[in-house]
Every structure is written in C-alpha cells, then in structure tokens.
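One structure below.
All heavy atoms count here, side chains included; hydrogens, waters and symmetry mates do not. We name chains A, B, ... by the order of the sequence lines, and we start the count at 1 in each one. A quick note: this is a predicted structure, and the numbers were derived from the prediction, not measured.
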Amino acid sequence: MALWVDQFRPRTLDELHYHRGLSERLKSLAASGDFPHMLFYGPSGAGKKTRISCTLRQLFGPGAEKLKIDQRVFLSPSKRKLEVNIVQSNFHLEITPSEAGNYDRVVIQELLKEIAQTQQVDLNARQRFKVVIINEADSLSRDAQAALRRTMEKYMSNMRIILCANSTSRLIAPIKSRCLLMRVAAPNAAEMEVVLKYVAKRAPFTLPPEAAKKIIDDSGGNLRKAILVLEALKMQSPDLTGPLAIAKPDWETYCHKVADLIVSEQTPARVMEVRAKFYELLSHCIPPTVILKTVAERVVERVDESLKADVMHWAAFYEVRMRIGNKKIYHLEAWVVKVMSLYKHFFYDMDMSAFD
Amino acid sequence: MTSKGSQKKTKSSLSKVNLVKFGTPPPSGSQKFKRIDPLTAFKTPSSSWKSDGEPSSSQGSSKGKGKAPSKHSIKTVTALDDEQDDRMWVDIYEPTTEAELAVHKKKVEDVRRWLTEAFEGGPSGKLKKYRRLLALTGPAGTGKTTTVRVLAEEMGFEIMEWRNAVGESSARQFDDSFDSFSDNYDYLSSNYASQSEALFSKFEAFLNRASSCQNLFITSTSSFSPSSSQSKARSPPAGKPKRQIILLDDLPNILHSGTQTQFHAALQSLVTSPISTPPVPVIIVVSDAGMRGEASDERMAGGGGWGKSKDGVVDIRTVLSRELLGGPYVTQIGFNPIAPTLLTKALQALLNKHFSTSSHTPPSREVLDAVVESANGDIRSAIMALQFACVVELGTKSRKKKGTATAVLESVTRREQSLVLFHLMGKVLYNKRKGDPPSASASAKDIQREKLIDSQLKDPPNLPPGLQEHERRTSRIDVDVLYADSPIDSSLFSLYIHQNYPQFCDGVEQCEGVADWLSWVDASGGEAWYQANPHRFHLLTLGTLHSLPSPVARRSQKIYKPAFFDFLQKEKNAWDSVRDTRGWVIGEGTGREKSFGTWSQTRVAMELGGILKARDATGSSESLPPPTSHRLFSNLGFTFASLGVGEPLGENEMSAQVEEGENEYTVRQTGASHDSGGGWLESDDIEDF
C-alpha cells in the first residue's frame with residue numbers, strides 16, 4: 001500500500017513540477033563530475049527529500065533506487081546498545097541520527113568511518129564516491145556536528161554528504177561553510193495546484209477547483225500535507241463536491257481547545273486541567289515543541305494586541321528551557337501559568353481611570 | 001546502612017584487641033565466631049566470649065541491618081541479671097507468645113491464616129496448592145521474623161532456615177593467617193569469588209532437601225545439617241505433628257544479576273513442583289531498604305527508550321520474579337512500622353520484666369518516650385537504644401547529672417531517620433512559617449512544640465522597599481534537614497511537587513513561582529544532558545516555599561502520586577505503534593521500500609492522523625490495512641471532564657511504590673495497608689509538620 005504522496009512522487013529531476021531552475025542546476029552539478037557536499041534546507045513539505053532522491057538517480061542511475069533496510073547495532077560509550085535503521089543502496093546510505101538520541105555522535109562517527117574506508121567496488125558505477133544522506137540534520141547534537149566537520153574534509157575523495165534540514169540556524173558554521181547550500185522554498189499556490197491536478201489525473205479523478213483551493217489554503221505551503229488531505233477527502237466523499245470539511249489531525253484541534261482553556265479561566269484548578277491535556281498530547285507522540293508552538297499561536301489569536309508579544313516571548317523562553325531540560329511537562333506548564341498570570345493581570349490591572 | 005558499618009567495625013576491632021591482648025587461641029568450628037554485643041563487650045570484654053554464639057551473618061546480609069532477633073534456641077526467660085547475662089535484650093526478651101508480640105493483631109492473624117491454609121488447605125481444602133510462598137515485607141524491625149517464630153512455636157511446626165555461610169570459611173582463614181595477613185589477602189579475595197558460585201549451589205541443595213526429604217531429620221537432631229551449620233532446625237516438642245516451613249531471611253546475594261536469575265529459577269521450580277506431603281511452605285522475609293539514588297529515574301525519564309536499571313535496591317521485586325509476583329502462588333503481607341502505642345507497651349513490659357529482679361531503678365518515662373519517638377517504628381532499634389540508655393544510666397548514676405543524661409540519651413537514640421514521603425510533601429507544601437496560627441486539630445502539646453520552634457527562629461532582616469514583594473516570615477522548615485531525611489531523590493521529589501502544588505496555591509500568581517522554579521531547576525545544569533545541578537533539591541524546596549502562599553489555605557488537599565510515569569508508559573506504547581504504522585506507510589517487507597527517509601517517526605505521528613481517520617471511517621478494504629494500534633497516537637478525543645487525577649499517596653507508602661507506575665505489576669496484597677489500628681499516624685498528623 002502506498003499513499004499518493006509516495007506513489008506519485010517524481011523520480012527524476014525532469015519530472016519535478018516546480019523550482020525548475022533548481023532542477024537544472026542540480027542536473028548540471030551531477031553531470032560535472034565534481035559533486036560537492038550539499039545541504040538542502042527549506043520548510044517541511046517543500047520537496048527536499050524528493051529532490052535529493054532525484055539527484056541521486058541523476059548521479060548513479062536507477063541503481064540508486066534499489067534500497068534495502070539494515071538494522072545496525074552500535075555500542076554507546078557506556079556500553080549500551082543502540083539500534084539504528086539504515087537504508088542503503090549500492091551507491092548511497094541514509095541515516096536519521098535522531099533515532100540514536102543522545103548518542104548520535106557515535107553513530108555518525110562509526111558509519112562515516114566505515115564508508116570512508118571502503119572504496120566503490122562496482123566498476124560500472126558512474127561515480128567513484130558514495131553518498132551519505134543525513135536526515136533531520138538540524139537535530140544533530142553539537143558533538144555530532146563537530147565530529148562531522150573533520151570527516152567531511154578528510155574523506156572527500158570517496159564520500160559526499162548530503163544534509164537535509166528544516167533550517168540552517170542550528171547547524172554550526174563550519175558545516176555550513178563546507179556544504180553547497182540548496183534552499184528549497186515552499187511552493188506557491190499556483191504551483192501547488194499544478195501538483196494537485198497532476199495527482200488527480202494520475203489517481204484518476206477530476207478535482208474541482210474549489211476543493212483544490214480549499215486544500216491549498218489549509219496546507220500552508222506544505223505540499224505533503226496537501227496531498228494527504230486530498231487523499232483523506234477523496235476517501236471520505238468520493239465526488240469532492242459540496243461543503244468540504246478538511247480533516248485536521250486530532251492533535252491540532254486538541255491544541256486549539258487547550259488554548260481556549262487557558263484563555264477562558266485562570267485558576268490553579270485550570271492549571272491542573274491543562275496539565276492533563278498536555279500529558280494526553282505528549283502521550284500521543286506529539287513533539288512538545290510543536291505543542292507549545294500550536295497552542296501559543298492559538299492563544300495569540302485570542303488575546304489583546306498588547307499581550308501578544310509577551311505570550312510569544314515566554315513561549316520562546318520556555319522552549320529553550322525545554323530543549324535543555326528533561327521533563328517537558330514542567331516547561332509547558334510553566335509557560336501556561338505565565339500566560340495565565342499575564343492574562344489575568346491584564347484585566348485585573350486595567351486602568352479604569354479613563355472611564356471616570 | 002550506618003548501623004551495619006559501625007557494627008562491623010566494632011566487631012573487627014574487637015577481635016583484634018582480643019587476639020592481641022589475651023592471646024586467646026582462635027576458636028574452631030562453628031563456635032569460633034562469636035556474636036559480640038558492642039555495648040556489653042566494652043564493659044566486660046573477656047566474658048563476652050563465653051556466651052554461646054552463632055555464626056554471624058550480618059556480612060552476608062544484604063539488608064544492612066543486624067540480624068533478626070532470636071538466634072538462640074528458645075529459652076524460657078528467667079530473670080537474668082544483666083551483670084551475668086550479657087546478651088542483648090533483643091535476644092533475651094524475644095517474644096515467645098503472641099500476646100508479647102508488638103505486631104498488630106491483624107497482621108499476625110493474616111500470617112496465621114496463611115499458614116493454616118498452607119498446611120490444611122483452608123475451608124475447601126484446595127488452597128494448599130496456592131499457599132506455597134509467603135513474602136513478608138516491611139521496614140526493618142517490625143517483627144516479621146519474630147512473628148513467624150512465635151507462630152511456629154504456637155502452631156507447632158519446625159522452621160528450617162537458610163543462612164549464608166560467608167563468614168565461616170573466610171573468617172577462619174582470617175583467624176588462621178592473622179600473622180601473615182597481608183600475604184594471604186589476595187588468596188582470600190580470590191577464594192571468596194570462587195565461593196560465591198558454590199554458595200548458591202549449596203542454597204539450591206538446601207531448598208531441594210528441605211522441601212522434599214525433611215522427614216529424615218526430624219526426630220534425630222535439632223540441626224538440619226550438622227556439618228555445615230548453614231541451616232538449623234528447631235525441633236518441636238516431641239509428640240506433635242512434624243510440620244515444617246522454610247524460612248528465607250538471609251538471602252543469597254541477589255543484587256548480582258546472575259545469582260538473581262538463579263534464585264528466581266530456584267523459587268519458580270520450587271513453587272511449580274508438586275506438593276510433597278506434608279507440604280513445606282516457604283516464607284521469605286524482605287526488609288524494604290530505602291531507595292535513594294540520584295539520577296536513576298532521570299535516565300529513564302530523559303532517555304525515553306533506554307530502559308532503566310533498578311540496581312542497588314533489595315525489594316520484593318528483585319527478590320521475586322515478575323511471574324511469581326503476578327502468579328497465584330505468592331502471597332504478600334506487608335508489615336507496617338510498629339505503632340508508638342504498641343511500641344511503648346512492649347517496651348514497658350520488657351522493662352518491668354527486666355527490673356523486677358534487678359536492684360536498679362528502671363529508666364524514667366521520658367527516656368522511654370524519647371526512645372519510642374526516635375525508633376520510628378523499629379522495635380529492634382528501640383530495644384537496643386533502651387538497653388544502651390540503661391547501661392549509660394547505670395554508669396552515671398553516682399554523679400546524678402540529669403542534663404548529661406538527656407544529652408547522652410539523645411546521642412543514643414539518634415539514628416538515620418528517613419522522613420516518610422507523605423510527611424516530606426506535607427512539610428513542603430503546607431509551607432509553615434513562624435507565627436502561623438496553630439491548626440484547628442492541633443493538640444496542646446503540638447501548639448507548645450510549635451511555639452518552641454518559633455522561639456528559636458530568627459526573623460529575617462527587613463528588605464529594602466524595592467524588594468518588599470519578597471518579604472516572607474521565617475520558615476519553620478530547615479531545608480538541610482529535609483534534604484538529609486528525604487527518602488527520595490530530587491528528581492522524583494520535583495515530580496511530586498509538580499503533581500501537587502496547584503492545590504496549595506490560591507491563584508495563578510503563586511503557581512507561576514513554583515512552575516518557574518520547576519522549569520528552571522529542570523533546565524539548569526551543564527550543556528550535556530547528564531549534568532544535573534547538584535543543588536536541585538534545595539533550590540526547588542526553597543523556591544516552592546517562597547512561592548506558595550503563607551499560610552496555605554486548608555481545603556483538605558490530598559497528595560497524589562505523580563501521573564508522569566503513567567503517561568510516560570502510554571507514550572512509549574504510542575511510539576511503538578508509530579513505528580508499526582511507519583512500517584506500513586513505507587511498505588516495509590514488501591520489497592518496495594522507497595520513501596523511507598521521508599517518513600520520520602514524528603512526521604508519522606503528526607501528519608498521518610487525518611488519513612488514518614478517514615481510512616477508519618470509510619472502512620476501505622485494502623489488501624494491507626494499517627496496523628490498528630495507530631489509534632494510540634492518531635485518536636485524540638477532547639473531553640472537558642478532567643482526566644483521573646491519579647492515585648492519592650498513602651501515609652505509609654514509601655517511594656518504591658512509584659515504580660508500579662512504570663511496570664504494571666499485580667501484587668496480590670493480603671491485608672490492606674491502612675489498617676494500622678492504633679495508628680502509626682492519625683490522618684490529621686500531617687498538619688503537625
């Protein structure tokens with residue numbers, strides 16, 4: 001079973017629907033024989049991964065699509081066993097270091113050393129190097145990034161690294177300067193419509209323009225999300241006419257309701273209630289930073305203009321602590337209490353003298 | 001643990017003194033190892049070697065306390081003057097009848113019922129099969145072993161007891177080679193290591209023999225296995241039915257994981273083996289050791305999936321395997337600390353007995369009260385302290401200095417007290433400060449005591465006007481003492497604070513303070529995730545006290561256990577289902593895994609919800625449906641009713657209970673944990689803190 005997102009994913013650079021200029025450049029890079037380390041960055045659902053796999057195909061031919069998944073076991077310094085899934089073809093290898101948690105440095109070092117020390121044995125291979133793709137590179141720990149920078153120089157002869165990240169801000173400068181940066185921007189509405197229509201044609205069904213518009217509005221530039229929503233909608237109401245209710249994931253609605261809870265009452269009892277909701281969200285695998293962001297955005301919509309900056313300020317403040325700290329719930333709650341207190345005092349301390 | 005250390009030290013230093021000074025030849029056989037009373041040995045050093053003794057096993061004991069009383073064969077307690085009999089009072093006045101037991105009647109009744117059922121099979125006669133293993137748990141010195149012995153006496157069965165014989169051979173070598181000690185040291189240690197293996201096989205043999213071929217030994221001898229002196233049977237008066245139980249008080253070293261597995265296997269096979277006639281039930285005595293290690297649950301909470309180690313603690317879960325605990329063959333009876341009233345009664349009876357024939361005057365009532373108060377429900381330590389108090393009293397009698405007597409008494413009765421978790425939380429969350437009005441339910445004595453405390457507290461200096469908002473009255477709580485007495489580490493402590501603080505706040509402003517401190521303390525530390533701030537406990541306590549209102553309004557708040565662990569478990573399950581669903585999305589195992597990298601786990605959890613729901617709603621019949629477990633993360637209904645607040649924390653519960661949240665054990669508990677009639681603490685007592 002494949003979802004449409006996967007089923008209709010472009011496989012070559014020529015099939016890509018938007019950012020033609022980028023595709024052209026990637027193509028000529030792949031042809032030049034002097035392929036650099038690369039860093040693809042851009043918002044979620046913009047097509048970074050698609051472009052990376054297309055580039056690989058351009059570099060190595062169809063052989064790069066023959067994948068196998070390995071489970072490798074690494075030993076952490078404290079002799080703990082780490083199991084990491086690794087996808088590889090004959091020409092490349094792909095890892096998601098965040099799976100190794102705090103020990104990503106060990107995994108990165110071990111793997112890269114192994115790749116770097118083996119030569120390409122396939123004489124028919126188009127390139128002499130192997131490619132290592134590192135997903136979610138912005139979640140790499142500082143240690144791991146530091147371990148990367150030396151390796152990138154040292155083993156340039158038989159290895160190239162492609163990093164994939166949402167933003168470059170959490171990558172250390174030495175890494176950024178060793179890579180060719182490729183920004184993959186989110187598609188605009190017109191480009192998204194083209195893609196949705198293409199998907200509809202391949203599915204096949206006809207997509208009413210209103211439905212497409214609605215989906216695009218809702219997706220916020222995330223093409224993957226748009227296609228997923230399209231598929232869900234098609235499943236719910238096969239003719240795609242009439243009023244369409246875009247099915248949001250449960251957690252999003254849930255977050256909005258939590259925000260309403262915060263704004264509607266500010267008491268210790270309500271703090272407990274909100275905490276229970278946060279626990280629920282966390283136990284449904286929603287990342288705490290996403291929870292904080294979603295709830296904060298909703299709260300900002302609901303409060304007075306003069307409070308908005310403060311609400312966001314504290315959200316940022318506690319997000320930093322959350323990243324450093326251990327127990328996410330403390331920080332989520334600290335933010336909630338802070339906002340409640342701000343909100344309460346905003347009304348409480350309101351200067352009534354103007355009304356006299 | 002201090003008691004063990006000091007005891008050991010005294011013992012070894014004494015033996016040295018003895019060897020050098022008196023030149024006593026090293027005794028041989030089982031007689032060589034004397035049980036030395038640290039107190040009386042000082043007084044009459046030479047005579048202490050004449051009392052009969054058993055191989056001491058405190059070295060091998062993993063519980064850290066001294067052995068249970070009654071190593072000696074039963075003696076009818078005749079009035080012995082302590083000048084002649086220099087055994088400990090604990091041993092001399094060991095209860096022999098149920099009336100003398102300071103244990104609460106219900107507990108004794110529970111144990112008796114179990115034993116009856118084990119031998120006779122209860123009303124239906126079928127329970128025999130399920131009464132194979134009884135685990136007695138509870139803090140040290142609550143009369144667990146003694147209860148068994150008393151009941152053995154009363155019901156007329158034999159006790160076969162396992163003793164670790166660690167002291168025997170190594171001690172002999174120590175004695176023999178005392179002069180060339182340094183040469184032999186290496187040999188000793190290597191010998192010890194090889195022995196541990198053999199030791200366990202001895203244990204296994206003991207279990208086997210004791211449970212199957214007991215009949216051979218009953219009439220002939222009082223010692224189960226005379227050659228080794230590891231086990232000892234007490235022969236019942238002749239003519240009674242020969243029923244036996246196996247008592248495991250001194251366990252093999254189960255902290256060693258290999259031994260632990262073996263031990264579990266041995267018990268398992270014992271329990272599942274067919275019943276022999278007459279049945280031989282097994283009683284295991286487990287003293288709860290306090291759990292206190294920083295950063296042990298930290299790892300679990302922070303690392304997410306790394307699992308956790310619960311090493312270093314002997315509790316019921318390390319002694320019995322999970323299958324046994326959940327299975328039908330094990331009954332657990334928890335003993336509570338002995339209630340002050342019962343303790344006072346027992347000590348008074350002991351004193352009456354002791355001083356009835358003695359010319360000395362018994363210690364005063366205050367001494368008794370002080371001993372009871374400091375004992376914390378541990379009757380063994382109470383009797384020890386009482387005996388020592390009397391010895392001191394006798395020595396200083398001529399001088400008649402009341403002041404020094406109480407000072408000495410204070411030092412006698414001081415021991416490491418751990419605060420019950422419940423009271424720790426009460427102390428912090430009720431935030432008592434100097435000059436608080438006494439609570440409505442406080443007795444006159446309590447009010448007096450509070451006044452006394454207040455009079456010793458200094459007022460803080462006046463703050464400058466800009467800092468007026470931080471002005472608080474002096475707290476009655478000494479954070480250092482609290483930290484020293486805390487039964488839990490700071491991380492668990494913070495979870496408890498977090499779970500409970502909102503009830504104690506009047507408004508969100510106060511919550512803000514506590515929440516911010518919790519957040520700050522959690523995030524403070526080094527760059528690396530494992531570096532924790534060493535001052536977390538103090539910072540958190542002070543921060544909480546500073547932020548909470550004063551006085552805290554009484555709304556009959558209940559203290560709850562942290563819900564954190566339940567949700568952590570839920571989250572782990574949900575992640576498992578995310579992994580499954582991810583496998584489905586990328587078509588794992590179909591050979592067409594293409595889009596592996598695009599579907600990270602968080603992405604699956606966050607973005608697939610809509611489509612999975614639609615799929616469920618329409619019920620489309622695919623060849624490969626997504627795993628149904630996806631609802632664990634994709635289905636999130638919003639309800640306005642607040643979720644269950646969790647379990648309230650009981651007064652007698654120690655921190656070990658928290659683990660239950662993480663590992664779902666079903667512990668069959670006979671006897672509720674709250675029926676401590678006579679009351680270790682009244683429910684209102686929390687307000688005293």
Relative to chain A, which segment of [X] carries a heavy atom at a distance below 4.5 Å: side chain, backbone, both, or neither?
{"X": "B/D506", "answer": "backbone"}
{"X": "B/F504", "answer": "neither"}
{"X": "B/S494", "answer": "both"}

Please report the closest heavy-atom contact between [X] and [Y], naming both atoms and the distance.
{"X": "B/A523", "Y": "A/R321", "result": "CB-O, 3.7 Å"}
{"X": "A/K344", "Y": "B/V508", "result": "CD-CG2, 3.6 Å"}
{"X": "A/Y318", "Y": "B/D516", "result": "OH-OD1, 2.6 Å"}
{"X": "B/C505", "Y": "A/P268", "result": "O-CG, 3.5 Å"}
{"X": "B/E571", "Y": "A/C285", "result": "O-SG, 4.1 Å"}

Is [X] close to chain B through its backbone or its side chain, or both, or neither, when contacts mean heavy atoms under 4.5 Å?
{"X": "A/V290", "answer": "side chain"}
{"X": "A/N222", "answer": "side chain"}
{"X": "A/E252", "answer": "neither"}

Between A/Y279 and B/F567, what is the ring plane arrangement, given parallel below 30°, perpendicular above 60°, and tilted in between?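 Correct class here is parallel.
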What distance separates B/D522 CG from A/I329 CD1, expressed to the nearest 0.5 Å?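 Interatomic distance, B/D522 CG to A/I329 CD1, rounded to 0.5 Å: 11.5 Å.
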If you measure from NE2 on B/H498 to CZ on A/R275, what distance do you get to the nearest 0.5 Å?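 These two atoms lie 4.0 Å from each other.
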Looking at [options], which makes the most heavy-atom pairs under 4.5 Å with chain B?
{"options": "A/K225, A/K234, A/E333", "value": "A/E333"}
{"options": "A/L228, A/I133, A/I52", "value": "A/L228"}
{"options": "A/I286, A/L282, A/V320", "value": "A/L282"}

Run the salt bridge (Lys or Arg N to Asp or Glu O under 4.0 Å) test against B/K570 and tell me which residues pass, sequence neighbours left out.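 Salt bridge (Lys or Arg N to Asp or Glu O under 4.0 Å) check on B/K570 returns A/E280.
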Partners meeting salt bridge (Lys or Arg N to Asp or Glu O under 4.0 Å) with A/D138 (sequence neighbours left out):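 Scan of A/D138 (salt bridge (Lys or Arg N to Asp or Glu O under 4.0 Å), adjacent residues dropped) gives none.
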Side chains of A/Y330 and B/V521: closer than 4.5 Å at any heavy-atom pair?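 No - every pair of side-chain heavy atoms lies 4.5 Å or more apart.
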So, do A/M272 and B/Q499 sit near enough that their side-chain heavy atoms are less than 4.5 Å apart?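 Yes. Closest side-chain heavy atoms under 4.5 Å.
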